[in-house]
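Here the structure comes first, spelled out in C-alpha cells, and everything after it is commentary.
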Amino acid sequence: VSETTILAPELVLLPGQHRAASGLEIVVEAGRIVAIRPRRQGAAIELPGQMLISGAVNAHQHGRGITNFQHGFADERLETSLHARIGRGRLDPYAMTLLAAKRMIASGVTACVHGNVPYGSGDLAGEVDAMLRAYDDAGLRALVCVGAQDRAHVVYPEADEAAFEHSLPDDLRALVASRRKPPYAPDAEATIAAMDQLWPEWSGHARLSLGYGPSGPQWLSDGAFEALAKDAATRGAMLHYHCLESWTQRAACDRLYPEGVLARLRRLGALHDRVSLAHIVWLDEDDVAIAADAGVTLVRCAGSNLNLSVGQAPTAHYLAAGIEIAIGTDGRSIDDGEDIWREARLVWALARGDGWEAPPAPDAAAWLRALTSGGAKAGGFAHVGEIREGWRADLVAVNLAMLRGIYADPDSGEVELLAKRMTAEAVRLTMVEGRILYRDGAFLVPELERAEALAAASAQESKRTRNADAAAMADRLRPYLDAHYRRWVPPSPRLGAPLPRAHRAPALRKA
Ligand SMILES: [Zn+2]
C-alpha cells in the first residue's frame, strides 16, 4: 500500500523558472512526484511562508560526520595532510557516515556522492557495507564508492619514492616503509571481488548505488583504471575520482602521462558521461576540450581547495565550454560547517575572473543547476534535480522570511535570492524518496537519534587507541615531504584561465 503525501507550500520553484510559482501543491506517492496541480481543499501538509525546491546534491564528500579539524588535524598543504593521520586509531565507518548523513539532511542535501575513504580494517567490502547501511538507515540518497589505489603510497610520482625514502633518517624510513601497503584492496581483481560481494545486496536499492572511487590518476596504474572502468561499464556503475587537485599532482601527472592525463584516462575508458571528477583545479585548455567532449562532470570543492592550499579552478571557463559543474564540500568546507549552499556561493565568487578580459561571472541559474541537476549527473541519480511529475520526490522547503530578510526587492527572482542568501539554517523540511526526514528542527528518522553519541564515542576511541610514537614521528616527516614536493614551482597566477594548450610542468628545479 503506497501512502500519498501532499505538500502545500507558499511557492514552488519549477524547472527553468527564475520566479517561483504560487497556488500549487505537490502530490507524492511511492517515492515520486505524481502531480503538480492547483491547490485543493483537503489533507495537505501546509507549508506557509516556505518555498519548495529540489534538494541539493553534495557531489563530493567522504562521510566525515566529525571533521578533520575536530579530530585534531589543522589545515595544511594537501601533500603533508595525507601523512598527518599516521598513528591515528581506527574510526567506525558506520558512525562517521551516519552523522555526516544527518548533518546533510538538516542542511537541505537530499543526495550525495561518497568518495573513496579508507578505514584501515583490511576488509574493504565490510567498510563500504557499513557506509551503505548508514545511508540506508539515515534515509539519504547516495552513490558510495569502492576505493582503489595500487601505487604511490608514500609520495608521488611513484618513480621518486626510492629517492625520497633514501633522503630519510633510518627511523622515518622504517615508518614510511610500513605505510607502503594498499589502503583498500591489493589490486583491481581484489577490488572487483569486493564489488562482487556488495553487489547482490545493494544494486537494486531505490536510493543507494555503488561505484568505483579510484584515489586519483597518480595513485592508480593504467591497468587498474582500465579494469575498473570496464567492470563499471558492465554493471552500469559510476566512476568518481579525485583529479588534478594540486599543482604537484599536475606536475606528477605530466611525467606519468606525456599525452595529457585526461587524454590517457579517456583512452583507458575512464572518462565519459558516467564519470565525475572531484577538484580538477589544474586543467589546461586541451583538458577542458576533452572534458567537454567526453561529457564528464566536474565537481568543484572551493573551501577544501583553499584549506589545502592547492589553488582554484577556472570554473567560468569550464561552464563556458559547456561542461556540467557540481559542488562538493569534501569534508573541508570553508567554515568547517558543511553548508553546501555557502560552498557553492564560494565556488561562484571564485569563478569571477579578474578584469575585463575574463569570462562573465556565471549566473544564479547556473549556480542552482550545479547544486541540483549537476550534482545528480555527478552521482548518476536518474530523475533527480528538478521538481517534475514522475521524478523522484527529493524536496526541500526553505524559510522565505530568512531568505528575504526585512526587505527584498520584489522584482528579485527567487533563484537570485537563493544564490545570494540561501544557507543551511533556512531549511525547514527535507524529503528524500517521498519520505520526510527532517522538519522544523526535528529528525523524523529514529536511527538518527544515536548519530552524535556513536560518532563522538568513535572519535574518543580513535584518540585513545592512537599510536603516539608513530604520530610524533609523522610530525618529523613534514620537512622531507616539503623538500620533495617544493621542487615543482607553480606557474604565475592564471587570472582565472586554464593553463595554456599542451602545458607541461617545467623540468625539476635542481636541489
Ligand atoms: Zn575528497
Side-chain angles (χ1 to χ4, degrees), residues 57-64 97 100 104 109 111-118 124 127-128 131-132 135 140-149 183-184 188 191-192 194-195 198-199 202-203 207-220 224-245 249 261-262 265-266 268-281 283 291 294-301 304 313 318 323-332 340 370-371 373-382 384-385:
V57 181
N58 188 340
H60 182 71
Q61 54 87 43
H62 298 274
R64 294 188 185 113
T97 310
M104 283 190 271
V109 168
C112 68
V113 178
H114 183 112
N116 60 299
V117 52
L124 176 59
E127 289 179 6
V128 176
M131 299 168 203
L132 284 159
Y135 288 115
L140 198 62
R141 189 180 305 282
L143 162 67
V144 179
C145 294
V146 176
Q149 179 177 344
Y184 303 100
T191 310
I192 292 169
M195 182 68 98
L198 295 159
W199 197 256
W202 296 104
S203 62
R207 284 183 289 107
L208 304 177
S209 50
L210 276 158
Y212 285 115
S215 296
Q218 65 282 351
W219 286 306
L220 200 73
F225 249 117
E226 200 164 23
L228 296 183
K230 193 171 162 211
D231 187 68
T234 308
R235 296 174 199 268
M238 296 292 293
L239 277 181
H240 173 82
Y241 51 94
H242 300 84
C243 193
L244 296 175
E245 181 173 355
Q249 287 183 4
V261 57
L262 264 59
L265 289 163
R266 191 174 199 186
L268 297 173
L271 204 80
H272 49 74
D273 63 355
R274 302 275 294 160
V275 176
S276 49
L277 308 182
H279 300 297
I280 37 79
V281 175
L283 301 193
V296 68
T297 308
L298 303 184
V299 185
R300 295 288 304 116
C301 310
S304 168
Y318 299 170
I323 296 171
E324 190 86 54
I325 296 293
I327 308 293
T329 58
D330 198 24
R332 288 189 183 270
I340 191 75
L371 279 165
S373 309
K377 183 165 176 288
F381 307 123
V384 165

For [X] against [Y], the heavy-atom pair lying closest together:
X: Gly328; Y: Val299; answer: N-CG1, 3.7 Å
X: His279; Y: Asp330; answer: CE1-OD2, 3.2 Å
X: Val296; Y: Val275; answer: CG2-O, 3.2 Å
X: Ala378; Y: Ala59; answer: CB-CB, 3.9 Å
X: Pro214; Y: Asn116; answer: O-OD1, 4.0 Å
X: Leu140; Y: Leu208; answer: O-CD2, 3.8 Å

**Prompt:** Do Thr97 and His62 have side chains that get closer than 4.5 Å, going by heavy atoms?
**Reply:**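 The answer is no; the side chains never approach within 4.5 Å.
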**Request:** Taking the side chain as every heavy atom from C-beta outward, state whether His60 and Val113 have any pair of such atoms under 4.5 Å apart.
**Result:** no
Hey, what do you get for [atom1] ([X]) to [atom2] ([Y]), rounding to the nearest 0.5 Å?
X: Cys243; Y: Leu283; atom1: SG; atom2: CG; result: 7.0 Å
X: Ile325; Y: Leu371; atom1: CD1; atom2: CG; result: 12.0 Å
X: Leu210; Y: Trp199; atom1: CG; atom2: CH2; result: 6.0 Å
X: Lys377; Y: Thr297; atom1: NZ; atom2: OG1; result: 3.0 Å
X: Tyr135; Y: His114; atom1: OH; atom2: NE2; result: 4.5 Å
X: Ser304; Y: Gln61; atom1: OG; atom2: CD; result: 12.0 Å

**Identified ring-ring contact (aromatic ring centres under 6.0 Å, His included) counterpart of Tyr241 within the set Trp219, Tyr212, Phe225** =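 Of Trp219, Tyr212, Phe225, ring-ring contact (aromatic ring centres under 6.0 Å, His included) with Tyr241 is met by Phe225 alone.
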**Tyr318 side-chain N/O to Ile280 backbone N/O, donor-acceptor pair under 3.5 Å** = yes
**Asked** Any donor and acceptor pair, going by atom type alone, linking the side chain of Asn58 with main-chain N or O of Ile340 inside 3.5 Å?
**Response** no
**Message:** With side-chain contact (heavy atoms from CB on, under 4.5 Å) as the criterion, how do Trp202 and Val144 come out once you've worked through the C-alpha distance, each side chain's angles and the decisive distance to 0.1 Å?
**Reply:** CA-CA 10 Å; Trp202 296 104; Val144 179; over 6 Å; no
**Request:** Starting from the C-alpha separation in whole Å, work towards a yes-or-no answer on side-chain contact (heavy atoms from CB on, under 4.5 Å) for Val146 and Leu228.
**Result:** CA-CA 10 Å; Val146 176; Leu228 296 183; over 6 Å; no
**Request:** Under the side-chain contact (heavy atoms from CB on, under 4.5 Å) rule, what do Leu277 and Leu244 come out as? Steps first, then yes or no, please.
**Result:** CA-CA 9 Å; Leu277 308 182; Leu244 296 175; over 6 Å; no
**Request:** Answer with yes or no whether the side chains of His240 and His242 bring together a donor and an acceptor at under 3.5 Å.
**Result:** no
**Asked** After noting the C-alpha distance and the side-chain angles of Met131 and Val117, does the key distance pass the side-chain contact (heavy atoms from CB on, under 4.5 Å) rule?
**Response** CA-CA 10 Å; Met131 299 168 203; Val117 52; 3.9 Å; yes
